Amino acid sequence: MTPGQIYSRLYRAYGPQHWWPGDTPFEIMVGAILTQNTAWPNVERAISNLRANNALAPQRIAAVHVRRLATWLKPSGYFNIKAKRLKSFCRWLMAAGCVHALGKLDTPLLRHQLLAVHGIGPETADDILLYAFSRPVFVIDAYTRRVFERLGMIAGNEGYETLRHWFESGLAKERDKVRVFNEYHALIVRHGKDYCKVRPRCAQCCLRTVCLSAQV
DNA sequence: AACCAGGAGACAT
DNA sequence: ATGTCTCATGGT
């Protein structure tokens, strides 16, 4: 069983996921930071608060006081930390000029720049690269590790970069990578939420037979 | 009523 | 390099 075949099964089972939820690249980037170890519905509440206060723009977030920003972020949890992270991200964005200016950087450089921002780690950087900048990077998250560990295809404790390169290599033709990586990560999360949780619910899972044959 | 969620940074070893 | 602690709200 290859990662490509798993993708086919997931896509057949769930269909297109239409990721990332968000109207603009900037909103997608904000969501990527706010969803760190946090359920998405809580992030939507926080984003609604930002929009209601006309604060869904880098200049506004950079200008507003952290204490006030934190009150808007409250529903998404870790609000004090995330207020700082959003501000440092927006400062970086403004220093670079704008989203369009950053779009001219090549992917390795842009990734390096993102990782240098306080509060942006490997997964958040790759969320932003893939879903806001349409770059061919594969996002590795807790669900990715869990699902593929249970499938017996990885050990689960590999380093982030090891797994990222493993998924990125040979999964799709060059011009299809962005579309496939986009859909694949969304499908993994969808599948993870429905069935492959900490306490799995394998009864109706579309990968159940694959998992069972891996249990040896 | 614990348990968990679309992680990352600080700090110790 | 690798492991542990902290951060916090809301749904199940």
Side-chain angles (χ1 to χ4, degrees), chain A residues 6-7 10 14 16-23 25-50 52 66-92 111-135 137-150 155-164 167 180-203:
Chain A
I6 300 298
Y7 175 79
L10 291 175
Y14 303 109
Q17 298 300 301
H18 309 293
W19 269 34
W20 183 292
D23 298 336
F26 180 71
E27 185 179 334
I28 290 171
M29 300 188 233
V30 169
I33 291 172
L34 295 184
T35 198
Q36 290 168 356
N37 201 41
T38 299
W40 183 254
N42 295 343
V43 176
E44 288 193 312
R45 290 188 174 90
I47 292 180
S48 296
N49 288 342
L50 292 175
V66 261
R67 299 279 296 278
R68 196 147 100 103
L69 180 56
T71 64
W72 297 335
L73 301 183
K74 202 164 185 179
S76 70
Y78 307 121
F79 46 84
N80 290 315
I81 288 180
K82 285 174 178 174
K84 292 180 189 170
R85 292 183 179 177
L86 269 191
K87 284 180 79 70
S88 57
F89 170 71
C90 288
R91 279 197 298 274
W92 168 77
R111 189 169 196 272
H112 187 78
Q113 296 277 316
L114 282 165
L115 289 173
V117 178
H118 175 86
I120 297 188
E123 182 182 340
T124 306
D126 291 342
D127 280 334
I128 291 173
L129 286 167
L130 178 59
Y131 293 104
F133 286 101
S134 299
R135 303 305 174 90
V137 297
F138 200 97
V139 179
I140 306 298
D141 69 339
Y143 283 128
T144 312
R145 292 178 185 277
R146 199 178 298 158
V147 171
F148 284 85
E149 178 182 351
R150 289 188 182 151
N157 60 352
E158 292 92 342
Y160 186 96
E161 292 298 86
T162 303
L163 286 178
R164 184 166 72 87
F167 278 99
V180 173
F181 293 176
N182 177 319
E183 198 63 52
Y184 206 162
H185 176 61
L187 286 167
I188 289 170
V189 173
R190 169 66 188 279
H191 179 73
K193 282 182 180 174
D194 286 2
Y195 297 104
C196 207
K197 304 175 86 72
V198 175
R199 293 193 299 211
R201 302 164 33 170
C202 298

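The model shown is predicted, which means the values in this text are computed figures rather than measured ones. Each chain gets a letter, A, B and so on, in the order its sequence line appears, and its residues count up from 1. Just so it is clear, the values below take in all heavy atoms, side chains as well, and ignore hydrogens, waters and symmetry mates.
The six-membered or imidazole ring of A:F167 lies near that of A:F148, with a centre-to-centre distance under 6.0 Å.
Atom P of nucleotide C:dG11 and atom CD of A:E44 are separated by 12 Å, given to the nearest angstrom. B:dG7 atom C1' lies 13 Å from atom CG of A:L115, rounded to whole Å. Rounded to whole Å, atom C1' of B:dG6 lies 11 Å from atom OH of A:Y160. Nucleotide B:dA5 holds its P atom 14 Å from the NZ atom of A:K82, rounded to whole Å. Atom-to-atom, CG of A:L34 to P of C:dG10 comes out at 14 Å; the value is rounded to the nearest Å. Taking atom CD1 of A:I33 as the reference point, atom C1' of B:dG6 lies 14 Å away to the nearest angstrom. One interatomic measurement links the two molecules: CD of A:Q36 to P of C:dT9, which rounds to 17 Å at whole-angstrom precision. Rounded to an integer number of Å, the gap from CG of A:N42 to P of B:dG6 is 10 Å.
For A:Y14 and A:D194, the side-chain atoms include no donor-acceptor pair closer than 3.5 Å. Defined by atom type and a distance below 3.5 Å, a donor-acceptor pair is present between the side-chain atoms of A:N37 and A:Y78.
Proximity note for A:K193 (side chain, C-beta onward) versus B:dG7, C:dG11, B:dG6: the nearest is B:dG6. Nearest nucleotide to the A:V198 side chain, out of B:dC4, B:dA8, C:dG11: B:dC4. Among B:dG6, B:dA8, C:dT9, the nucleotide with an atom closest to any side-chain atom of A:F79 is C:dT9. When each of C:dG10, B:dA5, B:dG9 is scored by its nearest atom to the side-chain atoms of A:N37, the top-ranked nucleotide is B:dA5. The side chain of A:K74 sits closest to C:dT9 out of B:dG6, B:dA8, C:dT9.
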- Worked check of salt bridge (Lys or Arg N to Asp or Glu O under 4.0 Å) between A:E149 and A:R146: CA-CA 5 Å; A:E149 178 182 351; A:R146 199 178 298 158; over 6 Å; no

Output side-chain donor-acceptor pairs under 3.5 Å for residues 113-124 of chain A, partner residues at least two apart or in another chain, one line each.
{"residue": "A:T124", "atom": "OG1", "partner": "A:Q36", "partner atom": "NE2", "Å": "2.9"}

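Across all strands, A:I120 comes closer than 4.0 Å only to sugar-phosphate atoms, never to a base (heavy-atom distances). The residue A:R190 sits apart from the nucleic acid: no heavy atom pair falls under 4.0 Å. No engagement by A:R199 is indicated, since no non-hydrogen atom pair under 4.0 Å with the nucleic acid exists. Counting any heavy atom pair closer than 4.0 Å across all strands shown, A:H118 reaches sugar-phosphate atoms only and no base atom.
A stacking contact links A:W19 to B:dG6: the aromatic ring centre lies within less than 5.5 Å of the base's six-membered ring centre, and the planes differ by less than 30°.
The side chain of A:N80 contributes an N or O atom lying less than 4.0 Å from OP1 or OP2 of C:dA8. For A:T124 and B:dA8, the shortest distance from a side-chain N or O to OP1 or OP2 is below 4.0 Å. Distances shown here put every side-chain N or O of A:R145 at or beyond 4.0 Å from the OP1 or OP2 atom of B:dG6.
Between A:P41 and A:R85, the residue anchored nearer the 5' end of DNA chain C, judged by the nucleotide with its closest heavy atom, is A:R85. Residue A:T38 is the one, among A:T38 and A:R201, whose nearest nucleotide of DNA chain C lies closer to the 5' end (criterion: closest heavy atom).
Separation of the P atoms belonging to C:dC5 and B:dC3 is 16 Å when rounded to the nearest angstrom. Taking atom P on both nucleotides, C:dT6 is separated from B:dG6 by 23 Å, rounded to a whole Å. When the P atom is compared between B:dA8 and C:dG10, the two are found 22 Å apart, to the nearest whole Å.
Under the 30°/60° scheme for interplanar angles, the aromatic rings of A:H185 and A:Y131 are found to be tilted.
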